[in-house]
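Below you'll find the structure, written out as structure tokens, and then a few comments.
Keep in mind it's a predicted model, so treat the numbers as computed, not measured.
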Amino acid sequence: MYLSDFNIIGGYPDGTFKPNEAITRAQASAMLIKALKIPLNEDTSIQFKDVSKDSPYYKILATVNERGILRGNNGFMRPGEKTSRAQMAAILRRAFDMPLDKQPTFIDVTPSHWAYQDINGIAKQRVAGGSKGKFMPTDSVTRAQFSAFLVRALDDKMKLSSYRSYVSTKGKTVEQDGSLYFIGKDTDGYRQLIKENIETGKREVLLKDEDVPKSDWDHPAPCTCIKIPELLFTMERFSFLTIVGDLLKQTKCHLFMG
């Protein structure tokens with residue numbers, strides 16, 4: 001009702017709202033124009049390869065494109081394309097001039113992702129959250145979801161209660177094949193490498209401080225080889241080494257994954 005009361009979004013002629021229907025790039029742009037009361041660009045010299053000047057969305061898309069809110073590619077604006085969660089993060093952050101943020105927030109959004117700082121930015125502003133530590137950047141945004149995000153961006157009282165990062169500042173939470181790997185502590189305060197099944201929440205301790213072998217001939221910094229058979233990480237998961245590195249800190253142990 002919030003957005004409807006301000007004529008920012010409405011239903012369909014048949015009286016339905018279709019909350020679970022994916023919102024298109026053109027529809028999202030129209031909502032932002034209304035929400036921020038941005039005057040439409042009357043300059044008809046702007047040309048798009050996939051939006052005619054007769055389209056009801058032409059001026060809307062020309063306006064958001066000129067303002068850098070929604071960007072096309074090689075002259076294509078893709079007005080009917082479903083809006084992904086990553087795209088939603090980018091256009092909301094730009095539209096409301098939220099700061100970019102480099103602090104990692106979600107385990108499925110790495111620094112190499114094109115919208116990494118946009119996603120962290122709107123999360124930090126408590127506009128959008130995730131589920132089980134994930135943001136799901138490629139998923140489509142529904143009309144109901146985009147409405148919720150827009151309301152939070154418009155009204156501080158409607159924002160999420162708190163911000164939470166699911167990735168430590170040193171990147172010590174890694175996802176692999178449906179499981180999370182991270183450093184935890186036992187009841188005595190000793191560090192241990194923990195594997196948690198994302199779906200079931202079941203945890204398994206893979207490596208403990210006391211598992212690191214000690215040798216009489218090289219104490220206190222022995223040289224040894226520790227093998228974790230089940231873990232076969234690719235180079236893109238190289239950050240996993242920082243986890244194990246914490247456990248092997250101040251030793252000369254080597255890790256073998258195979």
Side-chain angles (χ1 to χ4, degrees), residues 19-23 82-90 101 103-124 126-149 152 159-209 211 226-247 255-258:
N20 297 320
E21 184 175 281
I23 193 168
K82 296 177 181 179
T83 307
S84 70
R85 286 172 59 84
Q87 292 171 340
M88 172 277 299
D101 201 295
Q103 180 182 350
T105 303
F106 302 101
I107 62 176
D108 61 343
V109 183
T110 66
S112 63
H113 193 284
W114 69 269
Y116 174 73
Q117 293 190 48
D118 297 294
I119 293 170
N120 294 330
I122 67 165
K124 185 67 71 67
R126 296 182 288 126
V127 170
S131 176
K132 296 182 179 179
K134 293 185 177 183
F135 186 73
M136 298 154 289
T138 59
D139 285 5
S140 297
V141 179
T142 67
R143 285 165 54 84
Q145 290 169 342
F146 190 82
S147 298
F149 298 141
R152 293 172 192 156
K159 289 185 176 182
L160 298 174
S161 59
S162 62
Y163 162 78
R164 177 186 175 186
S165 172
Y166 295 89
V167 182
S168 74
T169 56
K170 293 184 179 179
K172 295 194 179 96
T173 299
V174 175
E175 179 190 3
Q176 175 81 1
D177 297 331
S179 296
L180 297 179
Y181 297 85
F182 57 93
I183 293 294
K185 290 186 178 181
D186 61 18
T187 54
D188 295 320
Y190 290 102
R191 291 169 301 174
Q192 49 190 7
L193 176 60
I194 300 173
K195 172 185 176 182
E196 179 179 316
N197 185 293
I198 295 175
E199 183 177 350
T200 65
K202 182 180 178 180
R203 292 187 174 186
E204 176 185 357
V205 176
L206 299 180
L207 186 65
K208 303 177 183 179
D209 272 339
D211 292 334
I226 297 174
K227 182 176 180 180
I228 305 179
E230 70 171 273
L231 301 181
L232 186 59
F233 284 77
T234 61
M235 285 305 292
E236 67 177 348
R237 297 293 182 182
F238 186 75
S239 61
F240 176 75
L241 295 180
T242 63
I243 298 179
V244 181
D246 242 22
L247 289 175
L255 176 70
F256 174 72
M257 296 180 187

Quiz item: With sequence neighbours left out, what residues match A115 under side-chain contact (heavy atoms from CB on, under 4.5 Å)?
Solution: A86, H113, D118, I119
Exercise. Before accepting this row, confirm whether a basic side-chain N of the pair D108/K134 lies closer than 4.0 Å to the acidic partner's carboxylate O.
Key: no
Self-check item: Contacts of S112 that satisfy side chain to side chain donor-acceptor pair (under 3.5 Å) - sequence neighbours left out
Solution: T110
Self-check item: M88 and V141, any side-chain heavy atoms less than 4.5 Å apart
Solution: yes
Quiz item: With sequence neighbours excluded, what pairs up with K132 under the salt bridge (charged side-chain N to carboxylate O under 4.0 Å, His left out) test?
Solution: none
Quiz item: Looking at residues at least two apart in the chain, or sitting in another chain, which of them share a side chain to side chain donor-acceptor pair (under 3.5 Å) with N197?
Solution: T200
Quiz item: Mind checking what makes salt bridge (charged side-chain N to carboxylate O under 4.0 Å, His left out) contact with R203, not counting sequence neighbours?
Solution: E196
Quiz item: Just wondering, do F106 and S165 contact through their side chains at under 4.5 Å, heavy atoms?
Solution: no
Quiz item: Residues two or more places apart in sequence or in another chain: which of them pass side-chain contact (heavy atoms from CB on, under 4.5 Å) with R152?
Solution: V127, A148, F149, K159, L160
Quiz item: Could you state the interatomic distance from CG (L206) to CG (L193), rounded to the nearest 0.5 Å?
Solution: 5.0 Å
Quiz prompt | Atom pair CD/NZ of E204 and K195 - distance to nearest 0.5 Å | solution = 5.5 Å
Quiz item: Side-chain contact, heavy-atom cut-off 4.5 Å: V109 with P137?
Solution: yes
Exercise. Can you sort out the partners of T105 under side chain to side chain donor-acceptor pair (under 3.5 Å), two or more places apart, ordered by chain and number?
Key: N120, Y163
Quiz item: Can you tell me if S140 uses its side chain to pair, donor with acceptor, with the backbone of K82 under 3.5 Å?
Solution: no
Self-check item: CD on Q145 to CZ on R143, rounded to 0.5 Å
Solution: 12.5 Å
